[in-house]
Protein chains: 2
Amino acid sequence: MERGALEAKVVERKQRARRVGATGPQGGARALAAEEADLFDLGGLETTTGYVMRRAQMAIFGDFLARFAELDLKPAQFATLQLIAANPGQNQSAIGAALGILRPNFVALLDELERRGLARREKSDADRRSHAVTLTDAGQSLLQRARAAQAAQEQRIREILGEEARESLIALSTRLWRGLS
Amino acid sequence: MERGALEAKVVERKQRARRVGATGPQGGARALAAEEADLFDLGGLETTTGYVMRRAQMAIFGDFLARFAELDLKPAQFATLQLIAANPGQNQSAIGAALGILRPNFVALLDELERRGLARREKSDADRRSHAVTLTDAGQSLLQRARAAQAAQEQRIREILGEEARESLIALSTRLWRGLS
DNA sequence: TATTGTTATACTCTATAACTATA
DNA sequence: TATAGTTATAGAGTATAACAATA
């Protein structure tokens, strides 16, 4: 096969892949389309709480990534900005722990936010081992835009479920999380 | 520091790590304990559908891993066994697709189930490219035990939420997944 | 040409060990 | 000795490209 044809083929595959695996790279598996799953008998999985919640959660994740692509924010970054904004001056480890992020893994996440000028670490005077974390003005204003994007996602969910059911889903998820913790 | 003391310290750390990060290695982050998150103002995250669902889903995941450790089954393996049992003789790619697992990644998963004598691949006569997948007797009987473990988890959820709320959570998650697909 | 199964590979997220500087 | 932040590293899970066999 000659050069031109091969390259064309590669480009075509990339495009198809982009269409099919539309969720893109993240922590979870790609969002499962209902059309694919509906062709099969799920054999009980459809009444398994963990399975159906995972499926839904990954669909939300995929939707989130599309909405936040423009802001270049991943879910963990958005959550981090929210938590810093609500608890300015807290330790970096404390912020990470509240999000369930292990200390070593939180370093790079914060490095990136700092590199982008969104967050700031300052050595604490009281305990010079710890770093007090705050948002910069740029961080504040990006968070404003992120909150708008998040509100839009919540609105989409409201349109799918209705407001009462949406609140119910949040309440049930929270109760279950507490019960299992 | 001498040898003995260092080794003792290492062992101690391992034990602590096992206690704290009790969820073990998986696809998601470790389960977030309510006690840690409750120390902070979540800044709106607590009414964000995606965030609260992820938190709950990861708690279920952690509980699942503990229950299934004895059977040596991870969620994806359990789901695969369920789907094969309900759709015996299907293509390996079709089974994988119904679970949202990409074809290349499903190969190793099936390899492992086959290695353990739980599933079997057979070349199809109709289309000799494709592999029809079925469960072995050992696979069937492990699946029986796995279903019992799964029923126990569902019972735990029932105890936390009540049966009506549990069914509601499943229905809402499914509706949301379909709506976002 | 297209599809099934496969291999190889890269990237992200998560987990553990161990270091440093402070306490 | 213990803790906060860090580095290095290993392991899952997921994604893409490419190939052989078959259609």
Side-chain angles (χ1 to χ4, degrees), chain A residues 1 5-7 9-18 20-32 54 58 61-62 65 74-77 90-97 99-112 121 123-133, chain B residues 1 5-18 20-32 58 61-62 65 74-77 90-97 99-112 121 123-133:
Chain A
M1 197 184 261
L6 176 63
E7 281 168 6
K9 198 176 175 185
V10 167
V11 167
E12 180 198 306
R13 283 192 179 167
K14 275 187 185 168
Q15 288 171 340
R16 179 158 49 91
R18 200 142 305 169
V20 174
T23 356
Q26 349 148 339
R30 75 180 232 283
L32 172 63
R54 174 148 196 271
M58 301 229 318
F61 225 89
L65 287 176
K74 280 171 286 187
Q77 294 173 318
Q90 279 289 337
N91 274 357
Q92 99 178 37
S93 295
I95 298 281
L99 291 170
I101 301 173
L102 291 172
R103 278 43 101 208
N105 299 330
F106 198 57
V107 173
L109 199 164
L110 256 190
D111 281 349
E112 171 68 7
R121 290 185 249 223
K123 282 210 189 272
S124 162
D125 282 339
D127 183 342
R128 294 180 42 75
R129 288 172 304 184
S130 65
H131 293 176
V133 185
Chain B
M1 196 184 261
L6 175 62
E7 281 168 7
K9 198 176 175 186
V10 167
V11 168
E12 180 198 305
R13 282 191 181 169
K14 276 186 184 168
Q15 288 171 341
R16 180 158 47 91
R18 201 142 304 169
V20 174
T23 356
Q26 349 148 339
R30 75 179 235 282
L32 171 64
M58 301 231 318
F61 225 90
L65 287 176
K74 281 170 287 186
Q77 293 173 318
Q90 280 288 337
N91 275 356
Q92 100 177 36
S93 295
I95 298 281
L99 291 171
I101 301 173
L102 290 173
R103 278 42 102 206
N105 298 331
F106 199 56
V107 173
L109 199 163
L110 257 190
D111 281 350
E112 171 68 7
R121 291 184 250 224
K123 281 210 189 273
S124 162
D125 283 338
D127 183 341
R128 294 179 44 72
R129 287 172 304 183
S130 65
H131 293 175
V133 185

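Letters A, B, ... mirror the listed sequences (proteins, then strands); counts begin at 1. No experiment lies behind these values; they were computed from the predicted model shown. The figures here come from the full heavy-atom set of this structure, side chains too, leaving out hydrogens, waters and symmetry mates.
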Query raised in the report: Which value, rounded to the nearest 0.5 Å, describes the distance between I101(B) atom CD1 and L110(B) atom CG?
Result: 9.0 Å
Report task. For residues R103(A) and S93(A), report the shortest heavy-atom separation together with the two atoms involved. Result -> CG-OG, 3.4 Å
Report summary line: Rounded to whole Å, CG of L109(A) lies from P of dT7(D) at a distance of 14 Å
Query raised in the report: Tell me: CG of L102(A) to C1' of dT9(D), nearest whole Å?
Result: 14 Å
Please write out each protein N/O paired with an N/O of nucleotides 20-23 of chain D under 3.5 Å, distance rounded to 0.1 Å.
from	atom 1	to	atom 2	distance (Å)
dA23(D)	OP1	R128(B)	N	2.7

Query - Test item: E112(B) side-chain N/O and L109(B) main-chain N/O as donor-acceptor pair under 3.5 Å - result: no
**Report entry** Interatomic spacing from CE in M58(A) to CG in L32(A) - rounded to 0.5 Å
**Finding:** 7.5 Å
Query raised in the report: Just how far is it from atom CD of Q90(A) to atom OG of S130(A), taken to the nearest 0.5 Å?
Result: 9.5 Å
Query raised in the report: Between atom CZ in F106(B) and atom P in dA15(D), what is the gap in whole Å?
Result: 15 Å
**Report entry** Distance in angstrom units between L65(B) CG and dT14(C) P, rounded
**Finding:** 14 Å
Query raised in the report: Say you draw a straight line from OG of S124(A) to CD of Q92(A); how long is it, rounded to the nearest 0.5 Å?
Result: 12.5 Å
Requested in this report: Using the test salt bridge (charged side-chain N to carboxylate O under 4.0 Å, His left out), find all partners of R129(A) that sit at least two apart in sequence or belong to another chain.
Outcome: D127(A)
Any protein N or O atoms within reach of nucleotides 7-10 of chain C? Criterion: under 3.5 Å, listing atom names and distances.
none

Report task. Could you state the atom-to-atom distance from CG of L110(B) to P of dT4(C) in whole Å? Result -> 15 Å
Query raised in the report: Whole-Å distance between dG5(D) P and I95(A) CD1?
Result: 10 Å
